[in-house]
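Here's the structure, in structure tokens; my notes come after.
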Amino acid sequence: MDKKQELDYRYLRMATIWSENSYCERRKVGALIVKDKMIISDGFNGTPTGFENVCEDENNVSKPYVLHAEANAITKIARSGNNSDGATLYVTDSPCIECSKLIIQAGIKRVVYMREYRLTDGVDLLRRAGIEVVRYEVPESIDNPNT
């Protein structure tokens, strides 16, 4: 394994740990934005600031105002002095099309993820925009460091 792949695995492991902050029951997703080997933002899926930490309705369907991990990480950049031009986004799950539009507009040039989402339109859009997209078949131990 080369150094770049080793770093990719490490950041994916960190995104997985960060996903544990999510209150969502169906799927916990974590994201990190890394630029020049520094984490400049992070996010996990959940409700907007000030809302109750309940992501699903009584039918176990995600509420329409739940923010995805990528959107949370990107909007944190907007409130900071940093920018994500040329950065890499590490996310536990492949981005949806809405998050992919934000990724493109944020100037992120590389997306690394582990789990495939049921729809591929987000990843397809990223590739169309010339963004490098990498999926790792990550060993079981990355999802659960205790195994």
Side-chain angles (χ1 to χ4, degrees), residues 4 7-136 138 140-147:
K4 186 175 183 180
L7 279 173
D8 284 347
Y9 277 116
R10 190 169 296 140
Y11 286 126
L12 282 173
R13 193 164 59 248
M14 293 169 74
T16 300
I17 291 167
W18 199 244
S19 74
E20 295 171 14
N21 290 317
S22 174
Y23 287 91
C24 297
E25 298 294 327
R26 289 180 1 156
R27 182 181 297 251
K28 294 180 183 297
V29 180
L32 297 174
I33 299 176
V34 176
K35 184 175 178 178
D36 301 324
K37 295 185 182 176
M38 291 185 340
I39 297 169
I40 59 169
S41 191
D42 56 60
F44 53 87
N45 57 329
T47 57
T49 304
F51 282 64
E52 73 287 349
N53 288 320
V54 178
C55 298
E56 293 86 12
D57 64 19
E58 60 279 350
N59 298 316
N60 201 32
V61 174
S62 290
K63 293 181 178 180
Y65 51 82
V66 168
L67 288 160
H68 290 186
E70 307 94 316
N72 265 326
I74 290 168
T75 55
K76 277 186 185 180
I77 290 280
R79 295 180 68 174
S80 75
N82 287 321
N83 74 66
S84 49
D85 283 338
T88 297
L89 171 73
Y90 293 90
V91 62
T92 54
D93 298 65
S94 60
C96 70
I97 194 153
E98 293 301 320
C99 287
S100 292
K101 290 188 274 187
L102 294 175
I103 292 164
I104 293 164
Q105 291 301 97
I108 292 168
K109 295 300 178 201
R110 187 167 181 259
V111 175
V112 180
Y113 71 97
M114 295 183 304
R115 293 185 299 247
E116 199 75 60
Y117 184 59
R118 61 183 167 81
L119 303 174
T120 63
D121 51 354
V123 169
D124 296 341
L125 184 66
L126 292 173
R127 288 193 173 116
R128 181 176 169 195
I131 293 172
E132 180 186 354
V133 179
V134 179
R135 178 176 183 225
Y136 284 114
V138 180
E140 185 94 14
S141 61
I142 198 169
D143 288 324
N144 183 358
N146 299 321
T147 56

- Query: Among all residues two or more places apart in sequence or in another chain, which pass the ring-ring contact (aromatic ring centres under 6.0 Å, His included) test with Tyr11?
  - Reply: Tyr90

- Decide yes or no for Leu32 and Ser41: does some side-chain heavy atom of the first lie under 4.5 Å from some side-chain heavy atom of the second? no

- Message: Once rounded to the nearest 0.5 Å, what's the spacing between atom OG of Ser100 and atom NE2 of His68?
- Response: 11.0 Å

- Message: Apply side chain to side chain contact (heavy atoms under 4.5 Å, CB included) to residues Asn53 and Thr47 and explain how you reach the verdict.
- Response: CA-CA 6 Å; Asn53 288 320; Thr47 57; 3.7 Å; yes

- Minimum heavy-atom distance between Lys101 and Leu125, given as atom pair plus value: CG-CD2, 3.8 Å

- Minimum heavy-atom distance between Lys28 and Ser19, given as atom pair plus value: CB-O, 3.5 Å

- Item | Side chain proximity check, Arg135 to Val123, heavy atoms < 4.5 angstrom | no

- Quick one: do Leu12 and Val112 satisfy side chain to side chain contact (heavy atoms under 4.5 Å, CB included)? Show the steps, please. CA-CA 8 Å; Leu12 282 173; Val112 180; 3.8 Å; yes

- Nearest heavy-atom neighbours spanning Ala73 and Gly43: CB-N, 3.9 Å

- Item | Val111, Ile33, Val133 screened by side-chain contact (heavy atoms from CB on, under 4.5 Å) with Ile103, the one that passes | Val111

- Query: Do the side chain of Lys76 and the main chain of Asp42 share a donor and acceptor less than 3.5 angstrom apart?
  - Reply: yes

- Item | Approximate separation, where rounding is to 0.5 Å, of Lys37 NZ and Thr88 OG1 | 11.5 Å

- Query: Would Asp93 and Arg115 pass as an ion pair if we require N to O under 4.0 Å?
  - Reply: yes

- Note on the structure: Heavy atoms of Tyr65 and Pro48 approach each other most closely as O-CD, 3.4 Å

- Item | Side-chain donor/acceptor of Thr92 to backbone N/O of Gly30, under 3.5 Å | yes

- Message: Side chains of Lys4 and Val134, heavy atoms from C-beta outward: is any pair under 4.5 Å?
- Response: no

- Nearest heavy-atom neighbours spanning Asn83 and Ile40: O-CD1, 3.5 Å

- Mark yes or no for whether Asn82, through its side chain, and Ile77, through its backbone, hold a donor-acceptor pair below 3.5 Å. no

- Run the numbers on Cys55 and Arg26 for side chain to side chain contact (heavy atoms under 4.5 Å, CB included), then give the verdict. CA-CA 9 Å; Cys55 298; Arg26 289 180 1 156; over 6 Å; no

- Message: I need the minimum non-hydrogen distance between Leu102 and Ala71, along with the two atoms involved.
- Response: CD1-CB, 3.9 Å

- Query: Under the 3.5 angstrom rule, does the side chain of Ser22 hit a backbone N or O of Asn45 as a donor-acceptor pair?
  - Reply: yes

- Can you establish whether the number of heavy atoms outside Gln105 located under 6.0 Å from its atom CD is more than 12? no

- Please check if the side chain of Ser94 supplies one atom and the backbone of Tyr117 the other of a donor-acceptor pair under 3.5 Å. yes

